[in-house]
Amino acid sequence: MSQVCPTMASSLEIAKKAKEAFVDDSFKLAVDLFSEAIDLSPNDANLFADRAQAHLKLNNLTEAAADASKAIEIDPSMAKAYLRKGTACMKLGEYLTAKEALEIGTSLAQNDSRFTKLLKECDQHLADFQPSTVPASVASKLSDTTAGILEESKKGCCMSQQISTITSVSPKYSHGYYQKPEEVVVTIYAKGIRANNIVVDFGEQILSVKIGVHDEDAYYFQPRLFGKIIPDKCRYEVLSTKVEIRLAKAEIINWPSLEYSKEIAVTQKVNVLSVESQRPAYPSSMPRKRDWDKLEAQVKQEEKEEKLDGDAGVNRMFQDIYLNADEDMRRAMSKSFMESNGTVLSTDWTDVGSKKVEATAPDGMELKKWEY
């Protein structure tokens with residue numbers, strides 16, 4: 001008779017509650033519950049993929065991409081993880097990374113039309129992006145670069161990558177970066193380069209990269225970094241399609257850009273403590289402490305479940321729709337409501353975005369212009 005590990009059983013129970021919360025549109029609660037389940041089962045790819053979906057609903061795009069990448073790392077054959085990574089990266093504007101994930105996902109789920117739709121949208125963004133921003137020599141190499149990354153990803157080397165604007169001095173290679181609280185990972189997409197052709201040096205706030213290939217001009221990438229690094233802890237690796245450079249941050253802060261800019265203010269330090277430690281402690285003479293987080297959750301749940309009648313109920317419904325809508329749905333709602341004088345409320349931007357929304361009278365009524 002088979003036995004179920006108590007920890008596994010507990011993780012499954014929490015994951016079930018998380019899915020119920022997701023269905024009830026309690027996405028923040030779903031994220032918290034999935035996090036609890038992950039603490040108990042840290043190698044369950046489904047938990048990371050499902051938490052990524054909850055993060056997408058909350059518009060936590062960076063967190064969603066990170067969770068989807070972790071799911072892919074654990075299970076490279078999970079199609080839904082590639083879909084969620086592609087969706088998050090699309091919304092972040094990281095179209096090359098999104099295309100990479102979506103192409104792999106398409107090969108795993110060939111009958112899923114969602115991949116086809118997103119890939120078409122992604123290709124359109126890349127077509128709009130390349131001519132104006134990328135030098136012609138780089139644009140011609142983007143397809144080869146993507147193919148190389150795709151081939152490496154199929155072998156299990158799947159990483160989350162945030163593509164930045166291409167600003168290298170030489171137009172031969174593109175670069176991107178992503179970051180964690182303690183490090184920044186810079187990727188230079190140099191295909192088929194040997195390790196002895198690359199020189200990487202680390203300064204206190206300088207990264208220096210030189211790629212010299214015989215009979216070709218050397219490629220230099222020497223940005224002044226946004227924050228300070230610890231040179232002795234930095235390292236790099238030469239792979240078949242890219243050079244991956246890991247910069248150890250001197251301070252645990254979020255870098256809003258890879259390169260230093262006077263116009264960009266230093267952001268607040270990333271708080272790596274648990275949610276409970278972030279909450280303020282309220283002094284009390286009562287012998288039993290009150291769980292303020294639980295009380296706050298109860299109040300929010302009561303507000304959500306409160307039954308309202310008439311116009312108040314309708315307004316609450318529209319507010320809930322607007323809060324949970326994406327940017328295109330909100331634009332559609334605002335445009336249709338304003339142009340139709342409050343008689344039409346559409347959530348389909350593809351329908352109302354390119355035309356004026358005319359006022360529509362309810363059945364049995366007719367529209368009349370107000371005369372002063």
Side-chain angles (χ1 to χ4, degrees), residues 7-42 44-71 74 78 80-81 83-92 114 270-280 282 289-334 345 347-348:
T7 300
M8 179 66 72
S10 178
S11 173
L12 292 174
E13 291 170 1
I14 296 173
K16 182 179 178 181
K17 292 180 181 178
K19 292 176 182 178
E20 291 173 352
F22 184 92
V23 171
D24 291 338
D25 294 341
S26 299
F27 304 122
K28 178 63 171 63
L29 178 59
V31 167
D32 293 340
L33 290 172
F34 278 128
S35 298
E36 290 183 28
I38 287 171
D39 288 339
L40 296 173
S41 300
D44 190 330
N46 275 298
L47 293 176
F48 283 100
D50 290 342
R51 189 172 69 174
Q53 182 72 344
H55 275 310
L56 281 172
K57 291 293 185 180
L58 293 169
N59 210 35
N60 299 335
L61 303 179
T62 303
E63 292 84 350
D67 274 350
S69 295
K70 182 63 177 178
I74 298 171
M78 181 176 287
K80 68 179 181 181
L83 179 66
R84 286 159 194 178
K85 179 177 179 179
T87 302
C89 290
M90 285 276 289
K91 292 185 177 182
L92 285 166
R114 293 175 296 178
V270 176
N271 194 334
V272 295
L273 302 176
S274 65
V275 174
E276 287 76 15
S277 64
Q278 295 179 26
R279 303 288 294 187
Y282 298 94
K289 294 183 178 179
R290 182 179 294 275
D291 188 340
W292 293 102
D293 289 346
K294 184 177 180 180
L295 181 60
E296 180 183 7
Q298 289 175 347
V299 171
K300 289 183 177 179
Q301 187 65 24
E302 289 173 0
E303 290 177 351
K304 181 178 178 181
E305 295 175 352
E306 182 183 5
K307 302 296 183 182
L308 299 176
D309 298 323
D311 291 341
V314 174
N315 288 336
R316 167 67 66 82
M317 181 185 68
F318 288 152
Q319 288 173 2
D320 290 343
I321 293 173
Y322 189 85
L323 287 174
N324 294 319
D326 57 30
E327 190 61 28
D328 283 345
M329 289 177 65
R330 292 183 179 182
R331 291 163 63 195
M333 292 174 70
S334 298
L345 186 64
T347 58
D348 187 355

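Computed over heavy atoms, backbone and side chain alike; hydrogens, waters and symmetry mates excluded.
- Remark: K28 NZ to H55 NE2 distance equals 9.0 Å, nearest 0.5 Å.
- With sequence neighbours excluded, no residue satisfies salt bridge (Lys or Arg N to Asp or Glu O under 4.0 Å) with K57.
- Every residue was checked against the salt bridge (Lys or Arg N to Asp or Glu O under 4.0 Å) condition with R330, not counting sequence neighbours, and none meets it.
- Legend: residues meeting side-chain contact (heavy atoms from CB on, under 4.5 Å) with L29, ordered by chain and number and at least two apart, are A21, S26, L33.
- A pairwise comparison of heavy atoms in A88 and A65 identifies CB-N, 3.8 Å as the closest pair.
- When all heavy atoms are compared, the tightest approach of S41 to L47 is O-CD1, 3.8 Å.
- Between the side chain of R84 and the backbone N or O of A68, no donor-acceptor pair lies under 3.5 Å.
- Qualifying side-chain contact (heavy atoms from CB on, under 4.5 Å) partners for S35, counting only residues two or more places apart in sequence or in other chains: V31, R51.
- Looking at every heavy atom in both residues, A37 comes nearest to S11 through O-OG, 3.5 Å.
- Under the rule for a side-chain contact (heavy atoms from CB on, under 4.5 Å), the partners of N59 that lie at least two apart in sequence or sit in another chain are L61.
- For I74, the side-chain contact (heavy atoms from CB on, under 4.5 Å) criterion is met by A45, F48, K70, not counting sequence neighbours.
- Looking at L40 and E36, their side chains never come closer than 4.5 Å, going by heavy atoms from C-beta outward.
- Every residue two or more places apart in sequence or in another chain that forms a salt bridge (Lys or Arg N to Asp or Glu O under 4.0 Å) with D328 is listed here: R331.
- Note that CD1 of I14 is 11.0 Å distant from CD1 of I38, once rounded to the nearest 0.5 Å.
- A distance of 4.5 Å separates CG in D50 from CZ in F34, rounded to the nearest 0.5 Å.
- D67 has its side chain out of reach of Q53: every pair of non-hydrogen atoms, C-beta onward, lies at least 4.5 Å apart.
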